[in-house]
A.B. asks: 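I am attaching a structure below and will ask some questions about it afterwards.
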Amino acid sequence: MTPTKAARLIPAGLLALSAVPVIAGAVRAAELAGGAAVTPDNARFFAAPAPVLLHIAGVTVYSVLGAFQFAPGFRRRRPAWHRAAGRVLVPAGLVAALAGLWMTLFSDLPAGDTGLLTVFRLAAGSAMAGSLVLGFAAILRRDVVRHRAWMIRAYALGMGAGTQAVVLSAWYAATGADAHAVTRALLSGLAWGVNLAVAEWAIRRTARRQPVGGADQPFGGAERSAADS
């Protein structure tokens, strides 16, 4: 496979991974907007719909728009797009992370979502928000390398739901049974861990193969114009 084809497959794969949380969020938003019947499974969403809808909107914008940050050819053809997209991605990501944290802390979670899974969700949401803040602070200092690294980590954490769907589906296919609470928590944690491992690999691989601020780097190149604006 040529580097060009590989570069095209990366955003396509990220968009495919985004489909799970985006579709699930759209279904939930339609349920809330359409006045669906309140059940024990969805009562907590109707009790506090605002953070739910904010989380859905933030995740949708962040995951879909963020995928195009990994399309180097697109960034080369439209250099101003990176700067404009970044101004949307950072607040969208923060809204997604903070609304998710609010729901984890204050929603009436079902028994299977408490305990270890809550710990993982709080850690992932806090790390995502922190990575976005650190990435934004880095570009204000014109530190492109650290900006790129923190933004990639934030995106990897934000894509946790998509990877969790893949991991949990693989578990079901292999065992024929839904994972119980502890197993589901461990598998969810594994999904975030896989995303972070891939992110760190990409960060180090890009640093070895591309010049600092190169146009072919994810979240690279156009950051200099962003810092100059």
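Here the structure is a predicted model, which means the values were calculated and not measured.
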A.B. asks: Near F45 CZ, under 6.0 Å, is it more than 12 heavy atoms from other residues, nucleotides or ligands?
C.D. replies: yes

A.B. asks: Measuring from atom CG of L32 to atom CG of L53, what distance do you get when rounded to the nearest 0.5 angstrom?
C.D. replies: 5.5 Å

A.B. asks: Under 4.0 Å between a side-chain nitrogen and a carboxylate oxygen: does that hold for D178 and R184?
C.D. replies: no

A.B. asks: When you look at I152 and E200, which way does the side-chain contact (heavy atoms from CB on, under 4.5 Å) test go after all the steps?
C.D. replies: CA-CA 8 Å; I152 291 174; E200 294 301 325; over 6 Å; no

A.B. asks: Using the rule that Ile, Leu, Val, Met, Phe, Trp and Tyr join whenever any side-chain heavy atoms are under 4.5 Å apart, tell me whether L15 and L65 fall into a single cluster.
C.D. replies: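 Linked within one cluster.
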
A.B. asks: Determine the minimum heavy-atom distance between V20 and G162, stating which atoms define it.
C.D. replies: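 That would be CB-CA, 4.4 Å.
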
A.B. asks: If we only count heavy atoms from C-beta on, is the W171 to V167 side-chain gap below 4.5 Å?
C.D. replies: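 A side-chain contact under 4.5 Å is absent here.
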
A.B. asks: Backbone N or O of A177 within a donor-acceptor pair of the T175 side chain at under 3.5 Å?
C.D. replies: yes

A.B. asks: To the nearest 0.5 angstrom, please state how far the CZ atom of R121 sits from the OG1 atom of T104.
C.D. replies: 5.5 Å

A.B. asks: Do L94 and L134 sit in one hydrophobic cluster, given that two such residues count as connected whenever their side-chain heavy atoms are within less than 4.5 Å of each other, even indirectly?
C.D. replies: no

A.B. asks: What's the verdict on side-chain contact (heavy atoms from CB on, under 4.5 Å) for W102 and L98, showing C-alpha distance, side-chain angles and the deciding distance?
C.D. replies: CA-CA 6 Å; W102 192 98; L98 295 176; over 6 Å; no

A.B. asks: A side-chain contact here means heavy atoms from C-beta on lying under 4.5 Å apart; do N42 and R28 qualify?
C.D. replies: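 The answer is yes, as the side chains (C-beta and beyond) meet within the 4.5 Å cut-off.
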
A.B. asks: Would you mind reporting whether Q164 and W192 have side-chain heavy atoms less than 4.5 Å apart?
C.D. replies: yes

A.B. asks: Mind checking whether V182 and L168 sit in one hydrophobic cluster, side chains of I, L, V, M, F, W, Y counted as touching below 4.5 Å?
C.D. replies: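 No: no chain of side-chain contacts under 4.5 Å links V182 to L168.
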
A.B. asks: Would you say the side-chain atoms of H55 pair up with the backbone N or O of A96, donor to acceptor, closer than 3.5 Å?
C.D. replies: yes

A.B. asks: Pick out which of N195, L132, L14 makes a side-chain contact (heavy atoms from CB on, under 4.5 Å) with Y155.
C.D. replies: L14

A.B. asks: In the structure I gave you, are the side-chain heavy atoms of R44 and P110 within less than 4.5 Å of one another anywhere?
C.D. replies: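 In short, these two side chains touch, coming nearer than 4.5 Å.
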
A.B. asks: Run the numbers on L109 and L117 for side-chain contact (heavy atoms from CB on, under 4.5 Å), then give the verdict.
C.D. replies: CA-CA 11 Å; L109 299 175; L117 184 56; over 6 Å; no

A.B. asks: Distance check, rounded to the nearest 0.5 Å: L101 atom CG versus M103 atom CE?
C.D. replies: 9.0 Å

A.B. asks: Report whether F106 and F46 are members of the same hydrophobic cluster (ILVMFWY, side-chain heavy atoms less than 4.5 Å apart, transitive linking).
C.D. replies: yes

A.B. asks: Of the options V61, V64, V59, V27, which is the one that meets V22 in a side-chain contact (heavy atoms from CB on, under 4.5 Å)?
C.D. replies: V64

A.B. asks: Looking at H147 and A138, would you say the former's side chain and the latter's main chain have a donor-acceptor pair under 3.5 Å?
C.D. replies: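 Here the side-chain-to-backbone pair does not exist.
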
A.B. asks: Would you say I10 and F68 are hydrophobically clustered, going by side-chain heavy atoms of ILVMFWY under 4.5 Å?
C.D. replies: yes

A.B. asks: Any sub-3.5 Å donor-acceptor pair from T60's side-chain atoms to I56's backbone N or O?
C.D. replies: yes

A.B. asks: Evaluate the side-chain proximity of M151 to S131: yes if any heavy-atom separation is below 4.5 Å, no if none is.
C.D. replies: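 Side-chain contact under 4.5 Å: no.
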
A.B. asks: If I compare all heavy atoms of L157 with all of A124, which pair ends up nearest, and what's the gap?
C.D. replies: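 Shortest heavy-atom contact: CD1-O, 4.1 Å.
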
A.B. asks: Heavy atoms only: give me the nearest A71-P11 pair and the separation to one decimal.
C.D. replies: CB-CG, 3.9 Å

A.B. asks: When you compare the side chain of M128 with that of Y62, does any pair of heavy atoms fall below 4.5 Å?
C.D. replies: yes

A.B. asks: Which heavy atom of A161 sits nearest a heavy atom of P21, and at what distance?
C.D. replies: CB-CB, 4.1 Å

A.B. asks: Measure the shortest side-chain to side-chain distance between R153 and I203 over non-hydrogen atoms and say whether it is less than 4.5 angstrom.
C.D. replies: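 When only atoms from C-beta onward are counted, I203 and R153 do touch, with a gap below 4.5 Å.
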
